[in-house]
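For the numbers below, each heavy atom of this structure counts, side chains included, while hydrogens, waters and symmetry mates do not. Note that ligands are numbered from 1 as they come in the structure, with each ligand's atoms numbered from 1 the same way. Start at 1 with the first residue, then count along the sequence.
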Amino acid sequence: MSRPETYYITTPIYYVNDVPHIGHAYTSLACDVLARFMRLDGREVRFLTGTDEHGQKVDKAAKAAGMDQKLFADRVSENFRALAKAMNFSNDDFIRTTEERHLRSCQHLWKVLADRGEIYLGAYAGWYAVRDEAFYGEDELATGPDGKKRAPSGAEVEWVEEPSYFFRLSAWQERLLAFYESRPDFIAPSSRRNEVLSFVKGGLTDLSVSRTSFNWGIPVPGDPKHVMYVWIDALTNYITAVGYPDTESADFRRFWPADLHMVGKDIVRFHTVYWPAMLMAAGIEPPKRVFAHGWWTIEGQKMSKSLGNVVAPQALIEQYGLDQTRYFLLREVPFGNDGDFSHRAMVNRTNGDLANDFGNLAQRVLSMIAKNCDGAVPQPGPFTAADQSLLGSARALLAKCRTEFGQQAFHRGLDAIWQVIGAANRYVDEQAPWTLKKTDPPRMATVLYVLAETVRQLALLTQPIMPDSTGRLLDQLAVPADGRTFASWGEGGALEPGTPLPKPEGVFPRFVEAESAVQGHEATSPKIEVTPKDARR
Ligand code: MSP
């Protein structure tokens with residue numbers, strides 16, 4: 001048997017100076033959904049996340065906490081592991097840049113670049129923003145009302161003058177442009193691609209890649225007064241985790257180049273300019289794609305510690321549920337755009353899309369089967385045009401989602417799924433199985449079969465987004481563990497008439513309790529009852 005196709009996906013590694021918030025959870029969630037989707041679709045997946053632990057920003061944070069840098073990093077890194085657990089992320093590896101495997105990998109890459117003449121010693125004199133861990137040209141800065149110079153991100157900059165090694169980035173301008181030209185899908189969405197193209201066309205200067213004014217970093221081989229610039233260290237994590245410097249290792253050969261680096265819009269330049277240039281300079285293939293998503297604001301405001309509006313994913317999970325949080329984040333905003341988080345929007349998605357639409361559909365179908373079909377998958381008779389139309393539209397969803405998720409257009413995939421949920425709810429009302437129960441029981445059995453089969457496919461396909469709830473839904477349809485991948489899509493995995501089903505129970509609860517506490521929230525979605533009316537017939 002031939003080995004499955006691979007899929008290597010990465011999150012940025014998170015700075016250990018901060019408590020995890022929904023912005024961090026968002027980047028990783030998008031990766032988790034793709035990793036799960038690809039596994040269900042038969043790929044051998046490697047999903048990597050981790051923490052970025054060196055550099056001046058972490059050094060300062062550790063000092064402010066009065067702690068040894070490594071102990072500080074150990075502690076904060078744990079918070080990101082805890083986040084991954086709380087969000088039910090299925091990462092296969094968690095890399096820390098303070099690990100031995102990473103030190104070896106970075107120092108090796110450095111030596112390769114130095115041996116190829118791509119790195120030289122000089123001196124840096126210019127502006128640096130510790131918050132962004134980035135160098136800025138004078139022309140990029142603005143002076144605020146307080147007289148302080150600031151980077152476009154709003155971060156304060158400081159003047160730095162020190163001996164530094166440089167990477168010959170300027171020599172890579174034409175080769176980068178040729179690379180972008182040959183790989184139209186390398187940077188997405190296209191607005192970001194245009195931004196990067198114009199930046200590179202504007203000309204590149206050599207990049208300072210070492211620092212001497214502090215020591216919290218990976219020592220430069222042969223010149224340990226220098227530590228590597230934290231971005232060089234950080235980007236290298238993506239190859240460390242697949243075995244670099246052993247480029248002949250099974251992992252490296254199988255998984256590199258990565259299929260997708262998922263990043264936020266703030267760190268596009270590092271991933272699409274510096275990183276491919278460094279890799280090409282070292283004779284390593286660049287990744288296949290970088291997707292930059294937008295940023296979340298909170299109730300219309302920038303999320304910040306000083307405003308005290310930082311949203312912790314754990315708080316959302318406690319309030320609304322894990323799968324509700326996962327669904328909301330990917331559904332609410334077209335992926336790639338900025339979005340605003342509000343409790344009102346969260347309640348609307350939880351109650352509208354999940355409880356009313358999907359939950360109600362599943363529960364009324366399962367309850368009717370439990371009551372009227374001896375608690376077993378009903379035996380269908382011949383299918384009518386209406387039956388075939390619903391089954392056909394459910395069946396078409398996998399191909400649609402392959403395309404949309406493959407382009408990271410989660411919102412479009414989900415929209416297509418919810419259209420079928422809407423169609424299924426309309427079909428229930430039109431077919432009125434509660435009436436058929438008296439007038440035509442065999443037809444009722446067919447209608448309920450069509451619906452159960454539709455719910456099975458909806459649950460299969462939404463597993464990557466809502467693994468827990470859909471798992472329980474598939475349990476209630478008695479779908480065996482080995483029947484839950486996309487290999488069981490369509491007729492091949494169809495429900496077997498006569499299979500006994502467990503007692504149904506709701507999986508998408510309505511958010512009621514704290515509803516009155518949600519500021520400014522009026523009842524925007526129709527109330528539903530916990531046990532739908534139809535189910536009691
Ligand atoms: N350590 C670097 C990445 C190195 S990757 C080789 C870094 N870390 S970070 O912790 O500051 O940010 C990690 C990710 O969180 C980025 O993709 C960033 O865009 C994302 N977000 C941080 N705040 C965010 C929002 N408010 N909204 C959405 N995502 C945001 O950068």
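Between Ile267 and Phe270, some side-chain heavy-atom pair lies under the 4.5 Å cut-off. The shortest distance between side-chain heavy atoms of Ile465 and Leu414 falls below 4.5 Å.
Tyr15 places no side-chain N or O within donor-acceptor distance of the main-chain N or O of His54, the cut-off being under 3.5 Å.
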Identify the protein atoms, limited to N or O, that lie within less than 3.5 Å of an N or O atom of ligand 1, and list each pair with its distance to 0.1 Å.
from, atom 1, to, atom 2, distance (Å)
ligand 1, 1 (N), Ile13, O, 2.8
ligand 1, 1 (N), Asp52, OD2, 2.7
ligand 1, 10 (O), Tyr15, N, 3.2
ligand 1, 17 (O), Gly264, N, 2.9
ligand 1, 19 (O), Asp266, OD1, 2.6
ligand 1, 19 (O), Trp295, NE1, 3.2
ligand 1, 26 (N), Trp296, O, 3.3
ligand 1, 27 (N), Trp296, N, 2.9
ligand 1, 29 (N), Gly23, O, 3.4

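Classification of the Tyr165-Trp110 ring pair by plane angle, with boundaries at 30° and 60°, yields perpendicular.
The neighbour count for Glu5 CD, taken as heavy atoms of other residues, nucleotides or ligands under 6.0 Å away, does not exceed 12. Atom CZ of Arg168 sits in a crowded spot, with more than 12 heavy atoms from other residues, nucleotides or ligands closer than 6.0 Å.
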